[in-house]
Colleague: 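Okay, handing you the structure first.
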Amino acid sequence: DTGVSQDPRHKITKRGQNVTFRCDPISEHNRLYWYRQTLGQGPEFLTYFQNEAQLEKSRLLSDRFSAERPKGSFSTLEIQRTEQGDSAMYLCASSRTLSQETQYFGPGTRLLVL
Amino acid sequence: GQQLNQSPQSMFIQEGEDVSMNCTSSSIFNTWLWYKQDPGEGPVLLIALYKAGELTSNGRLTAQFGITRKDSFLNISASIPSDVGIYFCAGGNYGQNFVFGPGTRLSVLP
């Protein structure tokens, strides 16, 4: 069991550029979550997938954000026209659909928008 | 929307002391999760709770699912330097996403 992986671990970009992050969940997990975390706060839910279907999106997920999970395995999160307020840690978590759900997190991608 | 409160916000303790922290909510949850996060890393799952009143241990850590289903508690016994970090609680219900607290920052003084 290799755990959740995220790539890249760090990203520095200029305001207005597009960025894309990747998450590879634990292999048998059918649910995949994206969170955003800013300094001094807990993770804030952005969106989640069950297999390839995107089932829920937070109001935090503006039109500049898009997430995909085309084959129900890895997922990508794209931010278009980045703004300085997008600077944060972007966390991915995965789980299995069970009545007793437990989410396992990846190491995160830290984004800095200059 | 749902919000979780964690108390204390931060704490400084001597190595060897026991630690208690809690998490409260205005909403009922049927799952509580406790995580520890080190700087620059993702949260690591410590304990999962699925039943009101449940008491579960993981080494020196013990967590309890409150009877009202609106709170949870985490205790760390005989703290050591590697316990330093931020501890997050998360509450969830089946079919819904989890809500996270703002964290309790723990510092252990040698």
Side-chain angles (χ1 to χ4, degrees), chain A residues 1 3-11 21 23-26 29 31-50 53-61 88-112, chain B residues 1-10 21-25 27 29-52 54 56 58 63 65 69 72 74 85-106:
Chain A
D1 194 355
V4 180
S5 61
Q6 292 187 246
D7 184 71
R9 292 292 310 276
H10 302 90
K11 178 71 176 179
F21 309 142
C23 171
D24 287 87
I26 294 172
H29 285 186
R31 283 191 175 176
L32 188 150
Y33 297 78
W34 285 100
Y35 291 86
R36 181 172 69 186
Q37 185 179 29
T38 53
L39 203 61
Q41 301 297 320
E44 294 175 295
F45 170 77
L46 292 178
T47 188
Y48 94 92
F49 293 84
Q50 180 153 316
Q54 188 172 17
L55 297 187
E56 188 175 347
K57 290 193 285 188
S58 161
R59 286 173 294 175
L60 292 175
L61 210 67
M89 173 82 95
Y90 290 84
L91 293 163
C92 174
S94 72
S95 69
R96 278 190 282 190
T97 308
L98 297 171
S99 59
Q100 296 183 343
E101 182 178 357
T102 304
Q103 291 187 11
Y104 296 89
F105 281 87
T109 295
R110 183 171 291 282
L111 172 66
L112 178 61
Chain B
Q2 296 174 325
Q3 284 190 326
L4 297 185
N5 298 306
Q6 287 191 245
S7 178
Q9 191 174 21
S10 63
M21 60 187 78
N22 67 65
C23 184
T24 58
S25 168
S27 303
F29 292 114
N30 61 29
T31 300
W32 286 98
L33 306 176
W34 283 93
Y35 292 86
K36 177 178 181 280
Q37 187 174 28
D38 293 329
E41 300 294 328
V44 174
L45 182 69
L46 299 174
I47 293 179
L49 302 161
Y50 302 109
K51 189 185 299 184
E54 179 181 358
T56 298
N58 177 7
F65 193 137
R69 295 171 60 196
S72 181
L74 177 69
I86 304 177
Y87 291 80
F88 291 103
C89 62
N93 292 308
Y94 183 69
Q96 299 175 13
N97 58 279
F98 281 85
V99 177
F100 283 77
T104 291
R105 183 181 296 273
L106 177 64

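Each chain gets a letter, A, B and so on, in the order its sequence line appears, and its residues count up from 1.
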Colleague: Looking at B:Pro102, B:Gly42, B:Pro43, B:Ala90, which makes the most heavy-atom pairs under 4.5 Å with chain A?
Modeller: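 Of B:Pro102, B:Gly42, B:Pro43, B:Ala90, B:Pro43 has the most heavy-atom pairs under 4.5 Å with chain A.
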
Colleague: State the CD-CG distance between A:Glu44 and B:Asn97, to the nearest 0.5 angstrom.
Modeller: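 The distance works out to 11.5 Å.
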
Colleague: Side chain, backbone, both or neither: which part of B:Tyr35 has a heavy atom under 4.5 Å from chain A?
Modeller: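 For B:Tyr35, the contact with chain A is made by the side chain alone.
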
Colleague: Is it the side chain or the backbone of B:Gln37 that comes within 4.5 Å of chain A heavy atoms, both, or neither?
Modeller: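 For B:Gln37, the side chain is the part near chain A, not the backbone.
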
Colleague: When only pairs under 4.5 Å are counted, which of A:Met89, A:Gln103, A:Glu56 shares the most heavy-atom pairs with chain B?
Modeller: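 Top count of heavy-atom pairs under 4.5 Å with chain B: A:Gln103.
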
Colleague: Identify the two heavy atoms, one from B:Phe88 and one from A:Gly42, that lie closest to each other, and give their separation to 0.1 Å.
Modeller: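 Looks like CE2-CA, 3.2 Å.
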
Colleague: Might you point out which heavy atoms bring B:Leu45 and A:Thr102 nearest each other, and give the distance in Å?
Modeller: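 The pair with the smallest heavy-atom distance is CD2-CG2, 2.9 Å.
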
Colleague: Are the ring centres of B:Phe100 and A:Tyr35 closer than 6.0 Å?
Modeller: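 Ring-ring flag for B:Phe100/A:Tyr35: true, centres closer than 6.0 Å.
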
Colleague: So that I can tick it off, tell me whether A:Arg110 and B:Glu41 are bridged by a salt bridge, with the cut-off set at under 4.0 angstrom between side-chain N and carboxylate O.
Modeller: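 No salt bridge links B:Glu41 with A:Arg110.
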
